[in-house]
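Quantities reported herein were computed from a predicted structural model and do not represent experimental measurements.
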Amino acid sequence: MSSSIDYARFREAFGEEPGILPDGEVLGSSEDDWDAVFAMLRASDWKVTSGDRISPLPQTRHEIAAGESFAVWPVAGVQVNFFPGPEMVYFDIDLRELVNQAAMDGLTDLMKRLGDTLGRDVVILEEGAGEPPILRYSPASSLFTLN
């Protein structure tokens with residue numbers, strides 16, 4: 001899948017000295033959404049591993065120890081870390097791994113699938129920052145917006 005987001009413009013949006021681990025979240029999500037996320041990931045063709053980076057993803061969020069994360073590789077070389085917990089669907093990315101358009105397309109494919117699965121906007125924010133998002137996917141319009 002090729003996204004409408006240009007890799008170079010995405011990287012520029014973070015400025016000259018970005019944090020290396022931007023945050024991602026599904027807006028308005030809750031603990032109840034994790035099982036749908038797990039089902040979507042198991043149905044995908046992506047590599048998905050639990051916290052040890054070897055074992056497969058458990059069936060439900062409740063099978064992951066508190067504070068443990070899991071990883072998804074939507075494209076080779078791009079690891080997205082998810083942090084299941086009692087709040088929102090939350091993840092982070094490593095800007096150092098987003099090195100070309102193929103990596104960007106892998107990230108946007110993951111964002112689109114998350115948004116479409118949960119029917120909620122998915123955003124990427126600067127590391128540790130709140131609004132405004134750098135990138136937003138809206139399932140209502142099926143569009144990405146880059147700020």
Which value, rounded to the nearest 0.5 Å, describes the distance between I93 atom CD1 and L110 atom CG? 10.0 Å
Please test L125 against E25 for side chain to side chain contact (heavy atoms under 4.5 Å, CB included), starting from the C-alpha separation and ending with a verdict. CA-CA 8 Å; L125 307 157; E25 63 183 68; 3.7 Å; yes
Backbone of D23 reached by a side-chain donor or acceptor of E126 within 3.5 Å: no
Show the nearest heavy-atom pair for residues P84 and R61, with the distance to one decimal. CB-CG, 3.4 Å
What's the separation between atom CG in D121 and atom OG in S141, rounded to the nearest 0.5 Å? 7.5 Å
Verify the distance criterion only: is there a donor paired with an acceptor across the side chains of Y137 and D116 at less than 3.5 Å? yes
Can you find a heavy atom in the side chain of Q101 that is under 4.5 Å from one in the side chain of D6? yes
Enter the distance from L143:CG to K112:NZ here, rounded to the nearest 0.5 Å. 10.0 Å
Angle between ring planes, W34 versus F82, binned at 30° and 60°: parallel, tilted or perpendicular? perpendicular
Take E31 and H62 through the side chain to side chain contact (heavy atoms under 4.5 Å, CB included) test and state the conclusion after the steps. CA-CA 10 Å; E31 179 178 20; H62 298 290; 3.5 Å; yes
Rounded to the nearest 0.5 Å, how far apart are OG1 of T117 and CG of L114? 6.5 Å
Cluster question for you: counting only ILVMFWY and a side-chain heavy-atom cut-off of under 4.5 Å, with indirect links fine, are V123 and L135 together? no
Minimum heavy-atom separation for L95 to P22, with atom names? CG-CG, 3.6 Å
Compute the centroid of each ring, for F70 and then for F38, and state whether the two points are separated by less than 6.0 Å. yes
Looking at N147 and P133, would you say the former's side chain and the latter's main chain have a donor-acceptor pair under 3.5 Å? yes
Considering non-hydrogen atoms only, spot the tightest contact between P58 and S50 and give its length. CD-CB, 4.4 Å
Is a side-chain N or O of R11 found less than 3.5 angstrom from the main chain of L98, in a donor-acceptor match? yes
If Ile, Leu, Val, Met, Phe, Trp and Tyr residues are connected whenever their side-chain heavy atoms lie under 4.5 Å apart, and connections chain through other members, are V80 and L57 in the same group? yes
Test side chain to side chain contact (heavy atoms under 4.5 Å, CB included) applied to F10 and L107, step by step: CA-CA 11 Å; F10 176 76; L107 174 62; 4.2 Å; yes
With hydrophobic residues grouped by side-chain heavy-atom distances under 4.5 Å, do L118 and V48 end up in a single group? yes
Heavy atoms, side chains only, cut-off 4.5 Å: are M40 and W46 in contact? yes
Which atom names give the shortest non-hydrogen contact between E97 and A103, and what distance separates them? O-CB, 3.8 Å
Residues A13 and L146: closest non-hydrogen pair is CB-CD1, 4.1 Å
Give a yes or no on whether Y90 and W73 share a hydrophobic cluster (residues Ile, Leu, Val, Met, Phe, Trp, Tyr; joining criterion: side-chain heavy atoms under 4.5 Å apart). no
Would the distance check show the side chain of S29 and the main-chain N or O of V89 forming a donor-acceptor pair, the cut-off being under 3.5 Å? yes
Value rounded to 0.5 Å, distance of CD1 in I134 from CZ in R9: 11.5 Å
Would you say the side chains of Y7 and N100 form a donor-acceptor pair under 3.5 Å? no
Is there a chain of hydrophobic side chains (I, L, V, M, F, W, Y, each step under 4.5 Å between heavy atoms) that links V78 to F144? yes
Nearest heavy-atom approach of R120 to G28 is CZ-O, 3.3 Å
